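Take a look at the structure set out below.
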Amino acid sequence: MILLTGFEPFGGAAENPSIDAARLAARELRDAGGDAVAVELPCVFGRGPGTAGGALAAALSEHRPDVVVAAGLAGNRGRLSLERVAINLVDARIPDNAGGQPVDAPVRAQAPAAYFTSLPVKRARARLEAAGLEAEISQTAGTYVCNAVFFELMHLLAGSPGVRAGFVHVPPSGGQWTVPRIGAGLAVVARCAAEAGGGHDDAVTAGAES
Ligand code: PCA
């Protein structure tokens with residue numbers, strides 16, 4: 001089972017391409033005979049009812065996925081951004097959809113400082129580029145709700161080493177980035193992780209100077 005997630009709109013925007021693209025990707029994977037579902041997460045910090053962490057935990061226990069591709073919008077990115085590391089830090093630039101704006105708080109007290117993705121992000125980047133979908137490896141998912149969900153995802157799956165999971169930031173829709181193209185990209189990433197050998201990544205560089 002492949003679980004894709006996307007976010008509801010936030011910051012006053014009318015739409016968030018991440019959830020629309022996640023739904024299209026799930027449909028594409030199902031049409032190809034796979035088992036996939038898309039779940040929308042509220043753009044709200046925390047783990048209780050009505051929060052992103054609460055909705056994520058519920059989706060994980062309901063669907064018991066082997067692969068999780070969580071997606072969110074990054075307004076300042078021009079490519080599909082395969083996130084490498086989730087940090088245990090919240091520093092909200094703007095309030096979330098419930099008005100909360102934590103500053104310099106941990107995502108989870110008494111948890112590690114960071115987790116790495118378990119998606120084969122370098123192989124996925126190569127597959128995306130081969131499909132004409134510009135992609136990059138990103139070393140930071142920011143400090144807002146997306147990073148918090150990514151951290152929570154990796155924390156909840158820390159005892160499930162067979163599950164491949166991670167986060168993809170998507171660019172705003174417009175220009176070459178139509179929602180169907182973003183959705184096709186999420187499907188490429190999910191398929192790459194789901195295939196045999198998806199637990200190992202390619203040893204090619206994606207290093208950054210800063
Ligand atoms: N993007 C925000 C949160 C929800 C979303 O789609 C982020 O990058 O944190």
Side-chain angles (χ1 to χ4, degrees), residues 3-26 38-60 68-108 114-117 119 121 134-156 165-174 177-187 189-190:
L3 170 66
L4 296 120
T5 70
F7 280 97
E8 66 181 1
F10 68 101
E15 288 180 355
N16 188 328
S18 67
I19 182 57
D20 302 325
R23 290 197 175 111
L24 289 180
V39 170
E40 181 177 285
L41 303 180
C43 187
V44 177
F45 286 108
R47 295 199 290 281
T51 68
L56 176 70
L60 289 175
V68 185
V69 177
L73 169 66
N76 57 353
R77 307 250 176 109
R79 298 167 177 238
L80 292 171
S81 261
L82 304 162
E83 298 295 349
R84 201 173 212 185
V85 53
I87 58 174
N88 192 5
L89 174 71
V90 179
D91 188 347
R93 184 176 52 86
I94 55 172
D96 69 13
N97 284 357
Q101 192 172 7
V103 170
D104 296 353
V107 178
R108 264 193 192 248
Y115 287 104
F116 291 117
T117 187
L119 295 177
V121 287
E134 292 186 327
E136 64 191 0
I137 308 291
S138 161
Q139 329 291 344
T140 173
T143 57
Y144 194 49
V145 182
C146 287
N147 171 73
V149 157
F150 182 18
F151 186 90
E152 193 65 14
L153 174 65
M154 302 318 295
H155 187 82
L156 291 171
F167 198 93
V168 180
H169 261 122
V170 309
S173 57
W177 289 116
T178 61
V179 169
R181 269 172 66 81
I182 298 171
L186 296 179
V189 176

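Start at 1 and go down the list; that is how both ligands and their atoms are numbered. Computed from a predicted structure; not experimentally measured. All heavy atoms count here, side chains included; hydrogens, waters and symmetry mates do not.
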* Asked: So which protein residues pack against ligand 1 under 4.0 Å, heavy atoms counted?
  ->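 Correct list: Phe7, Phe10, Asn16, Cys43, Gly72, Leu73, Tyr144, Val145, Cys146, His169.
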* Any salt bridge (charged side-chain N to carboxylate O under 4.0 Å, His left out) pairs touching residues 68-78, not counting sequence neighbours? ->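 Sorted pair list: Arg77-Glu83.
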* Output all residues satisfying side-chain contact (heavy atoms from CB on, under 4.5 Å) with Ala58, sequence neighbours left out; order by chain, then residue number. =>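 Not a single residue meets the side-chain contact (heavy atoms from CB on, under 4.5 Å) criterion with Ala58.
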* Please work out which of the three classes, parallel, tilted or perpendicular, describes the rings of Tyr144 and Phe45, given edges at 30° and 60°. =>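 Answer is perpendicular, since the angle exceeds 60°.
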Less than 3.5 Å apart, which donor and acceptor atoms pair up between the side chains of residues 148-156 and the rest of the protein, not counting sequence neighbours?
{"residue": "Glu152", "atom": "OE1", "partner": "Arg108", "partner atom": "NE", "Å": "3.1"}
{"residue": "Glu152", "atom": "OE2", "partner": "Arg108", "partner atom": "NE", "Å": "3.3"}
{"residue": "Glu152", "atom": "OE2", "partner": "Arg108", "partner atom": "NH2", "Å": "2.7"}
{"residue": "His155", "atom": "ND1", "partner": "Tyr115", "partner atom": "OH", "Å": "2.6"}

* **Within-4.5 Å side-chain heavy-atom neighbours: Ser138 and Leu82** =>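 They are not in contact (no side-chain heavy atoms under 4.5 Å apart), so the answer is no.
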* Asked: Is the backbone of Leu89 close enough, under 3.5 Å, to the side chain of Asn147 for a donor and an acceptor to pair up by distance?
  ->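 Confirmed, Asn147 side chain pairs with Leu89 backbone.
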